[in-house]
2 protein chains.
Amino acid sequence: MRMRDIAEALGVSTMTVSRALRVDASVAPETRNAILKAIEERGYVPDQIAASLSSRKSGFVAVLVPSLNNPHFSETVLALNETFATHRIQPLIGSTNYDSRTEASLVRAFLSRKPEALVLTNDGHQADLRRLLARTDLPVVEIWDRPEDPIQHVVGFSNREAMRDLTLALMDRGYRNIVYVGENADEGTRSGERRRGFVEAQMLRGVDHPRMCSIGRPPATMSDGEAALAVVMRDCPGADLIMCVSDPLAFGVINALKRRGLRVPEDIAVAGFGDFEISRIALPAITTVKVDPFTIGRTTAELILTLRARSSKDRPPSPVIKRIETATDIRASAPGKPI
Amino acid sequence: MRMRDIAEALGVSTMTVSRALRVDASVAPETRNAILKAIEERGYVPDQIAASLSSRKSGFVAVLVPSLNNPHFSETVLALNETFATHRIQPLIGSTNYDSRTEASLVRAFLSRKPEALVLTNDGHQADLRRLLARTDLPVVEIWDRPEDPIQHVVGFSNREAMRDLTLALMDRGYRNIVYVGENADEGTRSGERRRGFVEAQMLRGVDHPRMCSIGRPPATMSDGEAALAVVMRDCPGADLIMCVSDPLAFGVINALKRRGLRVPEDIAVAGFGDFEISRIALPAITTVKVDPFTIGRTTAELILTLRARSSKDRPPSPVIKRIETATDIRASAPGKPI
DNA sequence: ACCATGGATGTTATCGATATCATTTCCTGG
DNA sequence: CCAGGAAATGATATCGATAACATCCATGGT
């Protein structure tokens, strides 16, 4: 069934039907009612594909996240989804699996769907992709990290600074023998930036050779805790605090410690990153950096709606950088050393 | 830039360019190479919207899940995504928030994008929606539960039977004073079906008044554990086993018990449902029902690809029901009572 | 009474691809 | 040596909507 069928049944033109379906178009109230009634009765569903082709507006926003089953990103996607839904925008969601090549090829695939904006979770990009995006007039928003050289807009925080601040806070609370555990990840990835933040903090306080362990590629999960602890025990004995790249890993490490009969934080303290739900529920609660994935998603969606509202002439005025607040939260798993 | 620009530059017709972009079309190798080269050089991206309109194939599959930040569903979405990606199908993902009205309105919105299949997470549907879907020739797959009256195809298991079997297994291991904790949820929802399974098992063993507590609307999360335990303690004192609608809730309850100085399972046992990662990592590991969300996603995607391969004449042959295996897994949180 | 104004509606062209059928060329087997 | 068929390519119509402009009519200010 096409719009034309509705139009003919009522003896009006398709344009009138088309207008009846928008709120802002001028159609006589009785005409509109008759049309809406006919549409309802016959179960007509407008073809958004044809509408997109004609109006040159797809109603899509492409969203790329490293992973869909990481609570952080799924929360962000949730927020985007929710905000967009009220504006009839459909997110096209893709998962890069923490791989910049996958990211590049997904972006290409998405571009053919003519999205009205592109959201990338910053984790380092291929040079190729950067070039492709540089010459497009599509609004691009990088989220979840503040890159040193942004493509356009940014909604995020500095993972480096956040981890640096957490490390400093814990050093100031008396931990001297700190080990960092994270994935093998390059600079420019969120994971790599957190490690840099740790190193920076240690250097600032005169630790010339910060101790670090690596445990494979991102993402580190709760299940990696056992293996991570084994590496720490082997390579860095005598640590008084294990700092983990994320809360799930920290939780895994804590449980591994408990299995070995060690007490947290009495025998050894543990810290995480991200304020995942698990960090609040865990016993002991995990010292972490609070970030709010939902806010990142909502802020991003709102930014895109704003950009969209401006006529394309006004764009690009200048890249918008929205800083998301983070906060160090000292909890029971690493409360500071007793004096 | 349009396909025509590429065609004119090379002095061929757009059809030849169009053919060069498919693998199965007959184009002279040198012609194809020249075309692909030109496309690469100029950075031409085909317009999938126009292609969809013309070919009547959108390349979309609509997927509705109750929530995006529930690890179960995000894992399923992940699997769908992965399998579809290799076949150039783009999932349109929507979140119902466990609400059948939201589900119905999302389906309507999705239909206008002309998806080639529709995946619904079975949680009870509006009568309206059932009617709408009954008269469509779109393949519909309900996942995550086996409804008594399926719309078409099903990939899932019976939540009722799975919870019944877990309950029976635990009763046979000596628990006599069992309390069930779950959300307020109707029959036909996964949560409601699990409760029914519990009741069924109790009845089978002669418990005429199964003891149950409710704690608000789905989803129950780890954070609900504290409140859930409070309700159990108040309404059902003397329980020897708390059965939870899902693992995250079970984990929350266990932690709440620990906070009160109670030992699991010595003082009171706890069981969950779903084999979430947390149930394996937790101390004690949580007795649960193993289900594999990834398999559900992959199986669903494969089913859809199969259906799509058949010419539309062959459809609908008959609804396909794919049963997903589940298994009771007795772990340390409810190991059975010592004799 | 007249024209400017704006609301309601229609007409036509177009968005960018592909389906379909037609055409040409070249090869192969009887 | 020629009919028949496959391979390569082109011409045209079409997918289902909306943009843009045109038209008609009622209303009200002067």
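Below, chain A is the first sequence line, B the second, and so on; all start at residue 1. Values below: every heavy atom of this structure, side chains too, minus hydrogens, waters and symmetry copies.
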Find the distance A:Lys57:NZ to D:dA17:P and express it as a whole number of Å. 17 Å
Between C:dT18 (P) and B:Asp47 (CG): distance, integer Å: 10 Å
For the residue pair B:His153 / B:Glu142, report whether a side-chain donor-acceptor contact shorter than 3.5 Å exists. no
Reckon A:Ser55 touches a base, only the sugar-phosphate, or nothing at all at heavy-atom distances under 4.0 Å? sugar-phosphate
Toward the 5' end of DNA chain D, which comes first, B:Met15 or A:Met15, by nearest nucleotide? B:Met15
Please tell me which of A:Arg56 and B:Pro29 maps to the more 5' nucleotide of DNA chain D, matching each residue to the nucleotide holding its nearest heavy atom. B:Pro29
Would you verify whether the NZ or CZ of A:Arg190 falls within 45 degrees of the ring axis of A:Tyr98 while also being under 6.0 Å from that six-membered ring's centre? no
Whole-Å distance separating the CG atom of A:Asp24 from the P atom of C:dA8: 13 Å
Can you tell me which nucleotide in C:dT9, C:dA17, D:dA17 comes closest to the side chain of A:Tyr44? D:dA17
Can you tell me if the side-chain N/O atoms of A:Thr14 get under 4.0 Å from OP1 or OP2 in D:dG16? no
Compute whether any side-chain donor of one residue and acceptor of the other, for A:Thr121 and A:Asp123, lie under 3.5 angstrom apart. no
Between D:dT14 (C1') and B:Ile49 (CD1): distance, integer Å: 18 Å
Tell me the interatomic distance from B:Arg113, atom CZ, to D:dG16, atom P, rounded to whole angstroms. 17 Å
Within the structure shown, what part of the strands sits under 4.0 Å from B:Thr16 by heavy-atom distance: base, sugar-phosphate, or nothing? sugar-phosphate
Whole-Å gap separating P (C:dG16) and CZ (B:Arg2): 6 Å
Given D:dT18, C:dT18, C:dA17, which nucleotide is nearest the side-chain atoms of B:Ser18? C:dT18
Considering all heavy atoms of both residues, which atom of B:Thr14 and which atom of B:Arg4 are nearest to each other, and what is their separation? CG2-CA, 3.7 Å
Is the closest side-chain donor-acceptor distance between A:Ser67 and A:Asn70 under 3.5 Å? no
Given atom CD1 of A:Ile39 and atom C1' of D:dG16, what is their separation to the nearest angstrom? 14 Å
C:dG10 base / A:Arg19 side chain donor-acceptor hit below 3.5 Å: yes
Quick check for you: among C:dA17, D:dG16, C:dT9, whose closest atom lies nearest to any side-chain atom of A:Ser26? C:dT9
Counting side-chain heavy atoms from CB outward, which of C:dA19, D:dT18, C:dC15 is closest to A:Ala51? D:dT18
May I ask you to verify whether the side chain of A:Ser54 and the base of D:dT18 hold a donor-acceptor pair under 3.5 Å? yes
What's the CD-C1' distance between A:Glu8 and C:dG10, to the nearest Å? 14 Å
